[in-house]
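Every chain is numbered from 1, with letters handed out A, B, ... down the list of sequences. None of the values given here were measured: they were computed from a predicted structure.
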Amino acid sequence: MDYNFTDIEARWRKRWADEKVYAVKEDATRPKYYVLSMFPYPSGAGLHVGHPLGYIAADIYARYKRNRGYNVLQPMGYDAYGLPAEQYAIQTGQHPAVTTEQNIARYREQLDLIGFSFDWSREVRTCAPRYYKWTQWAFQRMFNSFYCYNCGKAQPIDKLAARIAQKGTAGLNVAQTQPLDVTPQQWADMTERERQEVLMNYRLAYLGETMVNWCAGLGTVLANDEVVDGVSVRGGFPVEQKKMKQWCLRISAYAQRLLDGLDTIDWSDSIKETQRNWIGRSEGAEVTFKVAGRDESFVIFTTRADTIFGVTFMVLAPESELVQTLTTPEQKAAVDAYLEEVKHRTELDRMAGKKVTGVFTGSYAVNPFTGDEIPVWVSDYVLAGYGTGAIMAVPAHDSRDYAFARKFGLPVVPLIEGADVTEESFEAKEGIVTNSPAEGKQSLDGFSLNGLSVKEAIAATKRFVEEKGLGRVKVNFRLRDAIFSRQRYWGEPFPVYYKDGMPYMIPEACLPLTLPEVDKFLPTETGEPPLGNAAKWAWDTAANTVVENARIDNATVFPLELSTMPGFAGSSAYYLRYMDPHDDDALVSPQADQYWQAVDLYVGGSEHATGHLIYSRFWNKFLHDLGVSCIEEPFAKLVNQGMIQGRSNFVYRIKGTNRFVSLGLKDKYDVTPIHVDISLVGGGDVLDTEAFRQWRPEYADAEFELEDGKYVCGWAVEKMSKSMFNVSNPDNVIAKYGADTLRLYEMFLGPITQSKPWDQNGIDGCFRFLRRAWNLFFDKQGNLAVTDDAPTKEALKSIHKLTKKVTEDMEEMSYNTSVAAFMICVSELAAQKCRSREVLERLVVLLSPFAPFVTCELWQLLGHKEIVFDAPWPTWDEACLKEDTVTLGVSFNGKTRFTIDVAADATPDEVQATALAHEAAPRYMEGKQLVKVIVVPRRIVNIVLK
RNA sequence: GCGCCUGUGGCGAAAUUGGUAUACGCGCCAGACUUAGGAUCUGGUGAAGCGAUUCGUGCAGGUUCGAGUCCUGUCAGGCGCACCA
């Protein structure tokens with residue numbers, strides 16, 4: 001019987017769906033295992049062969065766990081809100097919901113072809129109201145929470161309000177936008193609106209006036225991780241800094257926990273390191289400097305408190321409010337001119353130019369340690385958003401301060417023995433401190449760091465600063481709060497209305513607040529977000545319903561928020577929803593959460609390192625604080641699959657003509673390389689010139705200059721993308737080879753964590769393997785030829801070897817070597833003409849996670865009623881793997897010379913005797929003395945001579 | 001600049017974690033069956049040499065009886081962060 005994969009796959013696909021074989025329920029009698037692949041954004045282009053790589057790896061693991069007796073949850077869904085659908089809507093007027101629906105249908109079709117064991121009854125879509133109800137709910141709970149550092153978790157905001165009413169804000173140790181000073185009396189005298197303003201300073205979801213990344217091209221603000229090199233990740237439009245009122249999530253409150261949590265999870269070092277960098281913890285000190293001749297002071301942050309004796313000037317960020325207070329009348333014109341100049345420099349200029357600029361404020365600060373008066377400058381190399389927006393400059397030991405000092409002729413005072421600062425600053429945190437204070441100079445209480453190591457000096461200075469009340473030890477984080485508003489249509493609406501300019505949450509019982517219809521997806525004429533176009537987008541607090549805008553009276557009917565939530569909102573807790581997707585009373589029921597706990601294996605791309613994977617961890621920690629998620633870290637183990645790149649082909653057109661020259665001849669002419677669709681190119685990169693002429697009208701009368709009668713294309717490895725015509729589509733591969741071959745080949749390509757180009761050429765090897773495996777079960781006439789005879793020793797050895805290898809590879813997800821092992825085993829069994837049922841059944845089970853279709857068919861042909869997915873995973877017997885004799889390499893002084901065969905259980909003495917008795921041995925022994933013989937078990941015997 | 005990762009045949013990649021380097025697949029070569037082959041099967045395939053042998057894991061050292069693997073330095077490529085004080 002031929003291996004007819006088309007029939008086999010179609011039949012089993014149907015049966016799996018009809019019998020719902022992948023549906024799972026909580027089952028207390030079996031251990032659970034939760035496998036998750038990052039859900040896709042369903043783009044219009046459909047899946048290419050790169051997308052399923054991670055899904056296949058996860059699916060193999062999920063199926064393996066199922067064979068091992070685990071109750072495996074492996075769901076799938078769609079991250080359905082996003083910019084492309086909205087951009088498409090703006091261009092075509094097609095509603096994003098319609099295109100999204102179409103794209104999802106297409107994705108589903110493609111995913112089904114590949115044979116994943118997803119439980120589709122648990123599918124989620126972020127744009128479904130029943131789903132985003134819980135996104136809105138979580139947002140409301142964040143609004144109604146603050147973060148208490150004393151108890152280390154989120155708390156209800158009412159508790160804070162009560163505390164302020166009783167004791168004021170004094171002594172609060174909570175996450176806040178800025179320190180406030182409110183007494184109980186003041187609180188009592190406040191209006192409702194004023195109190196709301198105070199509370200806004202502490203809420204975990206808050207409305208903040210912040211500098212945001214404004215992208216005019218997209219008409220919205222972006223989060224930091226959505227901006228790279230000053231342009232938007234999506235679309236590549238320029239991004240500028242702008243001060244706007246936006247919803248923010250106080251993710252910075254969780255900075256320390258996000259950092260600590262990394263030590264408890266099994267993620268790759270590189271992703272953990274990326275997150276550590278992004279969180280950017282730095283320990284230092286805040287030191288207060290008085291302004292000379294005035295009753296003012298300001299605070300700076302430094303990690304190098306030990307360099308306090310080398311401070312020769314101070315620098316303020318241009319955006320800092322201190323600039324106004326510290327600028328003297330004489331300097332005001334110069335400072336204002338500078339501020340104006342900085343404002344018009346975009347983020348890109350600022351990074352690319354790296355010009356050293358700045359201006360003197362006219363004021364002087366007093367060094368608290370020495371009493372020296374030092375000038376205060378303004379420069380854009382100091383960031384307003386980090387620390388206090390002001391620094392003490394130590395040009396001798398900081399390259400940025402050094403460049404500034406050299407440009408403006410400010411003094412450089414070295415503080416470390418032997419440091420040469422004539423050409424550049426000395427930044428290493430090592431050496432012995434000197435000059436602190438300089439000889440003959442006074443310092444506060446005679447404080448001196450001279451003779452200490454840098455490390456000791458930092459500690460000593462911090463202690464001194466705290467003792468003398470000059471400042472305090474402080475930990476700073478680079479992690480910024482996440483900006484949570486987008487001026488877009490296609491996203492979750494905020495369940496928020498505005499009364500007296502302050503936001504209020506619509507009642508929880510009224511969730512979800514569904515996205516309204518609009519007739520235009522562009523901003524309104526007054527520049528409001530697209531939701532401003534909705535006719536019915538106001539909240540009636542009496543009736544608790546959405547009503548016509550026309551009825552807004554600000555008495556009982558109020559305007560609703562016009563922004564929507566960003567992409568990461570819906571993807572931040574989806575793994576929890578999969579546990580209990582149809583529950584309308586809870587995001588996840590306690591029972592479901594207790595059973596499934598958290599994701600055991602999470603598979604997805606590393607590009608989400610500073611986006612989704614941080615937001616999701618934050619979101620889960622918050623839900624954990626609420627008691628909704630029982631585990632603090634959502635993803636116990638993370639595997640980042642590599643990207644599959646495309647292999648593009650080029651033709652070379654002679655400039656100004658319609659004549660194309662083959663690769664080997666292109667250097668003779670002035671040519672333009674042009675991407676050519678890879679479907680027009682065959683093996684050896686030979687172009688089908690006729691197909692090329694028909695490809696596009698402008699090439700209809702193309703002429704070709706051939707070499708050896710062929711047109712050879714150039715090639716390059718690039719990102720797989722429609723515009724480069726290098727996309728390979730899984731449907732085509734499946735039509736030609738079957739899904740089992742595709743699965744096997746994607747795994748065989750190399751380690752899943754590695755990026756690699758897609759090369760269709762190798763796939764025949766995997767197809768041949770499957771066909772050979774299939775043929776093991778049939779005789780020449782095509783009849784099933786499996787016997788119940790006892791297996792031979794060799795066959796048992798082959799299958800046990802395979803069992804061991806595949807089982808051990810599973811945990812490492814080292815599937816490429818497993819596939820190789822399958823190939824070896826099958827060719828061994830074929831050579832042995834093995835027909836043993838016992839052996840072949842084991843082979844079928846082992847192969848089933850990799851090739852589910854063909855193994856289902858074989859399992860049934862072998863007479864089993866149950867599906868192979870529930871068959872127990874085979875075990876191996878070490879005794880079967882033992883050799884009777886082993887071949888050892890014999891080396892003299894480390895160089896292998898010949899091999900010997902000895903009994904597997906030979907003692908070292910026997911091995912040594914056999915080795916020395918070998919006919920070739922005397923040749924290498926000649927004239928040398930035997931020092932010792934080292935017998936490495938089962939490997940090699942090394943004879944050491946002198 | 002700082003941090004992390006990776007360098008092995010013509011190509012994708014293995015290597016029992018310090019023990020016969022290049023498993024497995026692609027490609028290539030030869031043979032078989034064919035009217036035919038971009039089908040199938042069998043064998044060969046790191047380099048040099050007729051050969052025994054010698055040389056071979058980016059480069060240079062080191063530890064070891066023995067190093068792709070460990071250590072030091074260096075070069076190249078990739079990723080992340082980057083006026084973060």
Query raised in the report: Which part of the nucleic acid, if any, lies within reach of A/G889 when heavy atoms closer than 4.0 Å are counted: base, sugar-phosphate only, or nothing?
Result: nothing

Query raised in the report: Who does B/C70 pair with, Watson-Crick or G-U, both distances under 3.5 Å?
Result: B/G62

Report task. Check the distance between B/C4's P and A/L638's CG and give it to me in whole angstrom. Result -> 19 Å

Report summary line: Among the nucleotides B/C83, B/C24, B/A13, whichever has the atom closest to the side chain of A/P751 is B/A13

**Report entry** Atom-pair distance (CZ on A/R480; P on B/A82), nearest Å
**Finding:** 11 Å

Query raised in the report: Looking only at atom P, what distance separates B/U6 and B/U16, rounded to whole Å?
Result: 15 Å

Query raised in the report: Between B/G80, B/U40, B/A15, which one does the side chain of A/R768 approach most closely?
Result: B/U40

Query raised in the report: Contact class for A/L749 vs. all strands (heavy atom < 4.0 Å): base, sugar-phosphate, or nothing?
Result: sugar-phosphate

Query raised in the report: To the side chain of A/T817, which of B/G25, B/A85, B/A15 is closest?
Result: B/A15

Query raised in the report: Distance between the C1' atoms of B/A13 and B/G18, in whole angstroms?
Result: 22 Å

Query raised in the report: Checking all strands, does A/I391 fall into the base, sugar-phosphate, or nothing category for heavy-atom contacts under 4.0 angstrom?
Result: base

Query - Distance between P atoms of B/A30 and B/G38 (Å, rounded) - result: 14 Å

Query raised in the report: Atom CZ of A/F822 to atom P of B/A23: distance rounded to whole Å?
Result: 20 Å

Report summary line: Taken to the nearest whole Å, CG/A/N476 to P/B/A82 is 16 Å

Query raised in the report: With sugar-phosphate meaning primed atoms plus P, OP1 and OP2, does A/T302 contact a base, only sugar-phosphate, or nothing at under 4.0 Å between heavy atoms?
Result: sugar-phosphate

Query raised in the report: Which part of the nucleic acid, if any, lies within contact of A/E427, taking any heavy atom under 4.0 Å across all strands shown: a base, the sugar-phosphate backbone alone, or nothing?
Result: nothing

Report summary line: Using Watson-Crick geometry (N1-N3 plus N6-O4 or O6-N4) or G-U wobble (N1-O2, O6-N3), each under 3.5 Å, B/G27 is paired with B/U45

Report summary line: Out of B/C24, B/G80, B/A85, minimum distance to the side chain of A/M823 belongs to B/C24

Query raised in the report: Only one of A/T361, A/V315, A/L410 clears side chain to side chain contact (heavy atoms under 4.5 Å, CB included) with A/P375; which?
Result: A/L410

Query raised in the report: Rounding to a whole Å, what distance do you find between A/I763:CD1 and B/G27:C1'?
Result: 16 Å

Report summary line: From the candidates B/A14, B/A85, B/C41, the one with an atom nearest any side-chain atom of A/F301 is B/A85

**Report entry** Nearest-neighbour nucleotide for the A/A820 side chain, B/C83, B/C26, B/A23 considered
**Finding:** B/A23

Query raised in the report: According to a strict under-4.0 Å criterion, is A/S282 in side-chain N/O contact with OP1 or OP2 of B/A85?
Result: yes

Requested in this report: Take atom P in B/A14 and the same atom in B/G9, then report the distance between them in whole Å.
Outcome: 14 Å

Report task. Find the partner of B/C4: check Watson-Crick (N1-N3 plus N6-O4 or O6-N4) and G-U wobble (N1-O2, O6-N3) distances, both under 3.5 Å, and reply none if neither fits. Result -> B/G78

**Report entry** Base orientation of B/U8, syn vs anti, 90° cut from 0
**Finding:** anti

Requested in this report: Ignoring backbone atoms, establish whether A/Q754 has a side-chain N or O less than 4.0 Å from OP1 or OP2 of B/U6.
Outcome: no

Report task. Quote, to the nearest angstrom, the P distance that separates B/U57 from B/U22. Result -> 14 Å

Query raised in the report: Among B/A13, B/C4, B/A85, which nucleotide sits nearest the side chain of A/N816?
Result: B/A13

**Report entry** Ion pair check, A/R276 and A/D263, cut-off under 4.0 Å
**Finding:** yes

**Report entry** Pairwise C1' distance, B/G58 and B/G77 [rounded to whole Å]
**Finding:** 11 Å

Requested in this report: Using a cut-off of strictly less than 4.0 Å, decide whether A/R276 has a side-chain nitrogen or oxygen near OP1 or OP2 of B/C81.
Outcome: no

Report summary line: Heavy-atom nearest nucleotide on RNA chain B taken for A/G762 and for A/F767; more 5' hit belongs to A/G762

Report task. Working to the nearest 0.5 Å, report the span between CD1 of A/I60 and CD of A/E746. Result -> 10.0 Å

Requested in this report: Quick one: look up who B/A36 pairs with, Watson-Crick or G-U, both distances under 3.5 Å, and put none if it's unpaired.
Outcome: none

Query raised in the report: C1' atom, B/G56 versus B/A21: distance in rounded Å?
Result: 9 Å

Query raised in the report: Out of A/L258, A/L262, A/L259, which residue meets the side chain to side chain contact (heavy atoms under 4.5 Å, CB included) rule with A/Q275?
Result: A/L262

Query raised in the report: For the side chain of A/E273, counting heavy atoms from C-beta on, which of B/A23, B/A13, B/C4 is nearest?
Result: B/C4

Query raised in the report: Does the pair A/K805/A/D809 count as a salt bridge with the N-to-O cut at 4.0 Å?
Result: yes

Query raised in the report: Is A/R771 touching bases, backbone alone, or none of the nucleic acid, heavy atoms closer than 4.0 Å?
Result: sugar-phosphate

**Report entry** Exercise: identify the closest heavy-atom pair between A/I308 and A/F369
**Finding:** CG1-CD1, 3.7 Å

Report task. Could you tell me whether the phosphate oxygens of B/A82, OP1 or OP2, come under 4.0 Å of any side-chain nitrogen or oxygen in A/R478? Result -> yes

Query raised in the report: Checking ring-ring contact (aromatic ring centres under 6.0 Å, His included) against A/Y745, which of A/F767, A/W758, A/F769 comes through?
Result: A/W758

Query raised in the report: When you check the glycosidic angle of B/G27, does it come out syn, meaning within 90° of 0, or anti?
Result: anti

Requested in this report: Kindly assign one of parallel, tilted or perpendicular to the pair A/F404 and A/Y381, based on the angle between their ring planes and the thresholds 30° and 60°.
Outcome: tilted

**Report entry** Pair partner, B/G51 [Watson-Crick or wobble, under 3.5 Å]
**Finding:** none

Requested in this report: Using the P atom as the reference point in each nucleotide, state the distance between B/U69 and B/U20 in Å, no decimals.
Outcome: 14 Å

Query - Spacing between A/D306 atom CG and B/A85 atom P, to the nearest angstrom - result: 13 Å

Query raised in the report: Counting side-chain heavy atoms from C-beta on, which of B/A85, B/A13, B/G19 comes nearest to A/K756?
Result: B/A13

Query raised in the report: More than 12 heavy atoms of other residues, nucleotides or ligands under 6.0 Å from CD of A/E811: is that the case?
Result: yes

**Report entry** Interatomic distance, A/N640 CG vs B/G80 C1' [rounded to whole Å]
**Finding:** 13 Å

Query raised in the report: For B/A85, does OP1 or OP2 lie under 4.0 Å from any side-chain N or O of A/Y386?
Result: yes

Report task. Find the distance A/E607:CD to B/G78:C1' and express it as a whole number of Å. Result -> 15 Å

Query raised in the report: When you match A/K736 and A/G280 each to their closest nucleotide on RNA chain B, which lands nearer the 5' end?
Result: A/K736

